[in-house]
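To keep things clear, I will list the structure first and then write my remarks on it.
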Amino acid sequence: MTDLTTLLEVGGPLAALGGGTAYTRAKYPAVYWSAVGGPISTARLLSSYSSVMEACGLTVAPSRLRVLAVKATTRREVRPVPPRRGIIRPTSTGLRLRLRLAPGQEPADVAASAERLRHAWGVHAVYVTTVKPGVVELRLVGYDVLRRVRMPRKTGSGFLMVPVALREDATPFVRDYRTVPHQLTLGATLSGKSMYLRHLITGLARQPVALVGIDCKRGVELAPFAARLSALATDPDEAAELLPALVKEMEDRYDLIKARQGIAPDTPEEEITSDIWGLPDSERPTPVVLFVDEVAELFLTATRKDEERRDEMVTQLIRLAQLGRAAGIYLEVCGQRFGAELGKGATMLRAQLTGRVCHRVNDEASAKMALGDIAPEAVSAACAIAPELPGLAVAGDTSGGWSRIRTPYLSLGDAAEICRESAHLVPDLAALKPFRPDVPVRPVETPAPAVLPRPVTD
């Protein structure tokens, strides 16, 4: 009886500790990693580094000088040499360490063994990046950072740069318009595409940038941000009037560049290789970012007159995509599907959109529209996105690189409030004044009358 009582006294706290640890790992993975997972993985790495490298085929034969030194000083067996390991740097999401590759090795050898290293050291994932010739960095991620997104404090934001999501390697995904001027974002209903758009708009709302929207769903997606928009078109008819104004603004900016550089006025725009960023700050026009939501609505036609209007709008969009970057005009095209079946000019427009973000889609063909021409291996990753993970997407560009990202939650009310607070930053562009949306005045709440205490009487 005494032994049973002692066992219960000892086992009770241990069971409670184990249950608390399991609960923390499930609900607060960052806390669990910092307190338990990180030290365990570090101990595994230090104790098994050489044997794991040898099992993964990442060792090389020792040099003759090393063989002679070992034989002269000890009687140990001369073993293969693993890559030289640097200092292990713990982070809030994992570990980081650098490896100096042995002669004859390349970064691809380490990347091919990333899955083996993940299992050997008990982490969620291992990512390999090249630091410089002969040196690679291993980023060990301790848990699934995309399950509950928490953006890092240092995101590398700047002018025309918006940290909009988190990558699967725990680094921020920054939308840089100077580097990737135009982008195509696809996603089915409830896939998180609107959330991605909110982060872009709120990130740019605090910057001296002109925001222009085309939302053919009667403005239900972009109208809440009207306080910060310089122009808004809510149907194809209004878009047919807005796009020529943007093209005219682009042509005026080219004339400004040519006048500044002394180029003849009749020089074709295609032959001008400079841009507005070479102009002095006092003469540089304000950058313009055009958001097109549900781009397929611009392609749909019912009559011959609609076809003529569609052809004109598509031509203007293609011109903005081809020539707009140098004039400081950038495109953010969103939709559920985007391919050749939309009609004339769709494929040509897609080819001009460098960046690609594909959320959950309804069929494989939609994923191929977004990623098939730049990263075919990313198509299967986009098709594997589960419906219960809104905001999860696959991001890539024409360089062929791609990664999984997820956007943190941002309510529509908070995003609209940020735009209202940034309404004073709307630039004064004469070409867009006729398209400035009407912003409803927020009603002033009258304070409730004060309740005076009644006098106490007999």
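All values below were derived from every heavy atom in this structure, side-chain atoms included, with hydrogens, water molecules and symmetry-related copies excluded.
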Arg96 side chain to Arg89 backbone, donor-acceptor under 3.5 Å
no
Check the orientation of Tyr330 and His182. Use parallel for under 30°, tilted for 30 to 60°, and perpendicular for over 60°.
tilted
The criterion is salt bridge (charged side-chain N to carboxylate O under 4.0 Å, His left out); which residues satisfy it with Asp252, sequence neighbours excluded?
Lys248
Would you say the side-chain atoms of Thr171 pair up with the backbone N or O of Arg167, donor to acceptor, closer than 3.5 Å?
no
Checking the side chain of Arg404 only, and the main-chain atoms of Glu168 only, is there a donor and an acceptor separated by less than 3.5 Å?
no
Should the ring pair Phe299 and Phe338 be called parallel, tilted or perpendicular, given that the plane angle runs from 0 to 90° and is split at 30 and 60?
perpendicular
For Arg206 and Ser422, test the side chains for any donor-to-acceptor distance below 3.5 angstrom and give the result as yes or no.
no
Between the main-chain N or O of Val31 and the side-chain N or O of Ser34, is there a donor-acceptor pair closer than 3.5 Å?
no
Output yes when a side-chain donor or acceptor of Gln207 lies under 3.5 Å from a complementary backbone atom of Gly158, and no otherwise.
yes
Basic-acidic side-chain contact under 4.0 Å: Asp311, Lys344:
no
Output yes when Glu221 and Lys193 qualify as a salt bridge under the 4.0 Å nitrogen-oxygen rule, no when they do not.
no
Is the backbone N or O of Val289 less than 3.5 Å from a side-chain atom of Glu332, with the two atoms forming a donor-acceptor pair by type?
no
Give a yes or no answer on whether the side chain of Thr202 reaches the backbone of His199 with a donor-acceptor pair at less than 3.5 Å.
yes
Please determine whether a side-chain nitrogen of the Lys or Arg among Arg118 and Glu115 lies less than 4.0 Å from a carboxylate oxygen of the Asp or Glu.
yes
Main-chain N/O of Met369 paired with Arg350 side-chain donor or acceptor, under 3.5 Å
yes
Ion pair present between Arg198 and Asp414, side-chain N to carboxylate O less than 4.0 angstrom?
no
Give a yes or no answer on whether the side chain of Tyr254 reaches the backbone of Leu323 with a donor-acceptor pair at less than 3.5 Å.
yes
Correct closest heavy-atom pair for Pro83 and Leu99 would be CB-CB, 4.3 Å
Here the pair of heavy atoms bringing Leu317 nearest to Leu331 is O-CD2, 4.0 Å
Closest non-hydrogen atom pair between Pro152 and Pro172, with its separation:
CG-CD, 3.9 Å
Side-chain ion pair, Arg309 and Glu312, N-O less than 4.0 Å:
no
Any donor and acceptor pair, going by atom type alone, linking the side chain of Asp215 with main-chain N or O of Leu222 inside 3.5 Å?
yes
Just to verify, which of Thr315, Leu290, Val314, Val292 counts as forming a side-chain contact (heavy atoms from CB on, under 4.5 Å) with Leu243?
Leu290
Any cation-pi pair here, Arg175 with Phe173, using under 6.0 Å and within 45°?
no
